[in-house]
Amino acid sequence: MLAALLVLGGGAAFAIGAYGRSLNDNLARADAFAGLPADARPTQPVTGAMNVLLLGSDSRDPDTTASSRTDTIMLLHLEADHKKAEVISIPRDTWVFVPKSTDGRHGNTMAKINSAYAWGGTPLMVQTVETFTGVHIDHVGLVDFAGFEQVVNALGGVDLKIEKTITSIHPPYRTFDKGTHHLNGAEALDYVRQRYQFADGDFSRERHQREFLQALLDRAASLGTLANPVKLNSFLQAVTRSVTVDKDFDLVDVALELRDLRSTDLTFLGSPSAGTGTRSGQSVVLSDTARAGALFQAVAHDTVQEYVRGSEGPTPSPTHSANTRL
């Protein structure tokens, strides 16, 4: 979705109009904020800024989530001047407080953050992320695994740097050799889901997801895509067929908001962590309360670039070593 917005806003001005509206009409919609108590939500961000919750799920049906998981949780913050944006990934096993679900059967307890989606769908996930971060969510985008493959294939695959040779834990148990390789949709999805073969587990998976998103953005914004109407249309159609958004999300309006933004204006970050631990018999990721609080306060006040400059140093922590610029 992020790649499509950047392409529509900056690289393909012709798409803003009837064609863009047709793409917007193709998007599936969900009431992502149903039942959220207005008085319990964080205040609105700085005027002009925008916060979008991006979720990757193994089910695209927002109404059937009992057996679904959100393996990818990212917060996109567009700064008020629209010159910079940040994408912050939150580990799916982060131990947080999950508010009570609207049916009253779940929540009101500490749990892994991705439990919120299984217990209460997108609305409970929004409320949980807002409670954890103190950041007001303006829009939501949800993509499923099948959609992931279609988007990558529409671009003709992506080039990813494999950091070490591993064998996938998922059928057909592919071997990924160390080095840079061109991967199709199924291969790319398989690789970015791996975590058990790496010493830092979910943190490596987060890093690989950010690297994938960088590669996807670069591929989408390449001259080969923009100059080829058939390829460009195939990509944009694949995105809109694969993404579910909130009812108020307007693809064209948001693309216009991003028209001055380029992939080089994006910063990728990870929510600061204090490592892993065991809670209620589960292996979980423990948030670094102080550092995470400082990061998300910067999001709420639209000062993330100042936070990034202040956190840079000669010996960054394991969490911040994953921070990358496009």
Side-chain angles (χ1 to χ4, degrees), residues 32-46 49-57 65 68-78 86-102 106-142 202-203 205-206 209-210 246 268-280 282-304 307 311 317 319-320 322-323:
F33 305 100
L36 268 63
D39 58 353
R41 300 189 67 192
T43 56
Q44 291 282 356
V46 177
M50 181 187 300
N51 298 310
V52 184
L53 181 61
L54 305 173
L55 303 173
S57 170
T65 59
S68 300
R69 302 168 297 167
T70 46
D71 276 353
T72 301
I73 306 167
M74 292 182 175
L75 179 62
L76 166 67
H77 174 69
L78 174 65
E86 297 83 29
V87 180
I88 304 167
S89 54
I90 302 173
R92 68 167 195 172
D93 292 338
T94 302
W95 191 246
V96 302
F97 177 76
V98 179
K100 183 180 291 187
S101 59
T102 54
H106 304 288
N108 195 31
T109 186
M110 296 294 293
K112 294 181 180 181
I113 195 168
N114 71 340
S115 299
Y117 188 74
W119 290 345
T122 309
L124 187 58
M125 176 59 80
V126 169
Q127 190 175 7
T128 301
V129 172
E130 289 188 335
T131 301
F132 171 58
T133 64
V135 172
H136 187 280
I137 304 300
D138 300 299
H139 294 294
V140 177
L142 175 71
D202 216 33
F203 298 112
R205 178 165 60 181
E206 275 190 84
Q209 288 173 352
R210 291 194 292 267
D246 61 273
F268 286 82
L269 304 164
S271 179
S273 164
T276 59
T278 302
R279 297 290 186 273
S280 301
Q282 306 173 73
S283 177
V284 303
V285 173
L286 303 173
S287 177
D288 186 321
T289 305
R291 288 166 56 220
L295 170 58
F296 292 117
Q297 184 178 40
V299 174
H301 291 87
D302 200 33
T303 58
V304 183
Y307 168 88
S311 66
S317 70
T319 299
H320 279 84
N323 298 354

Smallest separation among heavy atoms of [X] and [Y], with atom names:
X      : Y      : result
Ala300 : Val135 : N-CG2, 4.3 Å
Pro91  : Glu206 : CG-OE2, 2.9 Å
Asp246 : Ala32  : CB-CB, 3.9 Å
Ser271 : Phe296 : OG-CE1, 3.5 Å
Arg291 : Ser273 : NH1-O, 3.9 Å
Thr128 : Ala116 : OG1-CB, 3.3 Å

- request: Could you tell me whether the side chain of Asp138 and the main chain of Met50 form a donor-acceptor pair under 3.5 Å?
  value: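 Checking the backbone N and O of Met50 against the side chain of Asp138, no donor-acceptor pair under 3.5 Å is found.
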- prompt: Just by modelled atom types, is the Thr72 backbone N or O under 3.5 Å from a matching donor or acceptor in the Gln209 side chain?
  reply: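 No, Gln209 side chain to Thr72 backbone: no donor-acceptor pair under 3.5 Å.
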Nearest 0.5 angstrom please: [X] [atom1] to [Y] [atom2], how far?
X      : Y      : atom1 : atom2 : result
Tyr117 : Asp71  : OH    : CG    : 11.5 Å
Met110 : Trp95  : CE    : CH2   : 6.5 Å
Leu54  : Ile90  : CG    : CD1   : 10.5 Å
Leu36  : Ile137 : CG    : CD1   : 10.0 Å

- request: Just do the side chain to side chain contact (heavy atoms under 4.5 Å, CB included) check on Val140 and Val52 with the steps written out, would you?
  value: CA-CA 5 Å; Val140 177; Val52 184; 6.0 Å; no
- request: Could you please spell out the steps behind the side chain to side chain contact (heavy atoms under 4.5 Å, CB included) verdict for Ile88 and Val299?
  value: CA-CA 10 Å; Ile88 304 167; Val299 174; 3.6 Å; yes
query: Can you list the steps and then say if Val98 with Trp119 is a side chain to side chain contact (heavy atoms under 4.5 Å, CB included)?
result: CA-CA 9 Å; Val98 179; Trp119 290 345; 3.9 Å; yes
query: Does one side chain, of Arg92 or Thr70, offer a donor that lies under 3.5 Å from an acceptor on the other?
result: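 No, Thr70 and Arg92 have no side-chain donor paired with an acceptor closer than 3.5 Å.
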- prompt: Is a side-chain donor-acceptor pair under 3.5 Å present for His77 with Asp302?
  reply: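 Checked: Asp302/His77 side chains pair up, N/O donor to acceptor below 3.5 Å.
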- prompt: Would Arg41 and Phe33 count as a side chain to side chain contact (heavy atoms under 4.5 Å, CB included) if you check the C-alpha gap in whole Å, the side-chain angles of each, and the deciding distance to 0.1 Å?
  reply: CA-CA 11 Å; Arg41 300 189 67 192; Phe33 305 100; 3.5 Å; yes
message: For a 4.5 angstrom cut-off between non-hydrogen side-chain atoms, does Ile73 reach Leu53?
response: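 Yes, side chains in contact.
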- prompt: Name the one of Val284, Val285, Ile113, Thr133 that satisfies side chain to side chain contact (heavy atoms under 4.5 Å, CB included) with Val96?
  reply: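 Exactly one pass, corresponding to Ile113.
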